[in-house]
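Sequence lines set the chain letters: A, B, ... in the order given, protein chains first and strands last, and positions in each chain run from 1.
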There are 2 protein chains.
Amino acid sequence: MYTIQDVSKKTGLTAHTLRYYEKEGLITGVERSQGGIRQYTDEDLERLGLIRCLKNTGMSIQEIARFVQLTHEGDHTLEERVELLREHRERVLERMAEMQEHLDKVTWKLNFFTEKLRAYQEKETKKAK
Amino acid sequence: MYTIQDVSKKTGLTAHTLRYYEKEGLITGVERSQGGIRQYTDEDLERLGLIRCLKNTGMSIQEIARFVQLTHEGDHTLEERVELLREHRERVLERMAEMQEHLDKVTWKLNFFTEKLRAYQEKETKKAK
DNA sequence: ATCGGATTTAGAGTTGACTTTAAGTTGAAG
DNA sequence: CTTCAACTTAAAGTCAACTCTAAATCCGAT
């Protein structure tokens, strides 16, 4: 059993964010102590693991909530879940290819400026003589 | 010379967004007709090209504005500009590595669910007999 | 038993990046 | 010359994803 702070440390999400995720239906059924304090299990941590992967690859809170809801509805939603993950995967691959392309242009510009800087510094050195 | 609509079509940014970018200092010195209407040049388009690359690789509006401002200050800011691009490039590479890692986990989960779906469908088929 | 730092809630506030609105102006086509 | 879609501005509105606040409760340590 982990407190919200333990989980915060393990996941890098703040306690605020963890409560927010719960409110939004991303992580459900977290146990409470008799006093109402959250007690996360290892299973909760694992579920948070998948959530973080989806989040970090750009899935929206809403879409993740949808996925989690389908999971609770049982095996008859397996097809829809597979479809959802497949589409997400496609989108991420596209996004990454696009980023790579744009990053290449940035790299090109960087090299260009680096060369320009070299020339400028040489000129300044001469001037100083 | 291009109107804001022409540029919108060429870049995929809306006319609204182009004006917003101008207000935020991302694209400066766009010419105007005697009546005050924007007239973009090929050079403006090229500058927008770099802006789009930075934007698409996750640089914030503010940071791009900073970069553009440095550009206007002349060659003595070359070193800072190179540093800025270099750091951005590093961040993007890290981000992409992280995304790839998380995507791998999603792919793993997807395969897991696909197999589970196959088993489920087989069970349903038997039941139907 | 009591102290104080962590936890709880509902709800308000923030941030970044647009996006829309309102009210007025411009300019190519008929 | 008129028309009317496209342009202009400043400012308000939207959206996602947090982030913070206040006021109350919890609980491990002295």
Q) Is there a side-chain polar atom (N or O) of Q5(A) under 4.0 Å from OP1 or OP2 of dT7(C)? A) yes
Q) Under 4.0 Å between a side-chain N or O of T3(A) and OP1 or OP2 of dT7(C)? A) yes
Distance check needed: [N] [atom2] versus [X] [atom1], whole Å only.
| X | N | atom1 | atom2 | result |
| --- | --- | --- | --- | --- |
| R19(B) | dA10(D) | CZ | P | 12 Å |
| I4(A) | dT19(D) | CD1 | C1' | 14 Å |
| L18(B) | dC7(D) | CG | P | 11 Å |
| E22(B) | dT8(D) | CD | C1' | 11 Å |

Closer than 3.5 angstrom, by distance alone: can the side chain of [X] be matched with the main-chain N or O of [Y] as a donor-acceptor pair?
| X | Y | result |
| --- | --- | --- |
| T77(B) | E80(B) | no |
| R47(B) | T28(B) | yes |
| S8(B) | I4(B) | no |

Q.
Using a 6.0 Å cut-off, check whether atom CD of E24(A) has over 12 heavy atoms from anything other than its own residue.
A. yes
Q. Is R118(B) salt-bridged to E122(B), cutoff N-O under 4.0 Å?
A. yes
Q. Just checking, any donor-acceptor pair under 3.5 angstrom between side chains of E115(B) and N111(B)?
A. no
Could you write out each protein N or O paired with an N or O of nucleotides 18-20 of chain C at a distance under 3.5 Å?
unit_1, atom_1, unit_2, atom_2, d
dC18(C), OP2, Y21(B), OH, 2.8
dC18(C), OP2, K55(B), NZ, 3.4

Q) Got a sec? Which of residues 27-40 of chain B come in under 4.0 Å of DNA chain D, heavy atoms? A) R32(B), G36(B), I37(B), R38(B)
Q) Under 4.0 angstrom, heavy atoms only, what part of the nucleic acid is E24(B) near: base, sugar-phosphate, or nothing? A) nothing
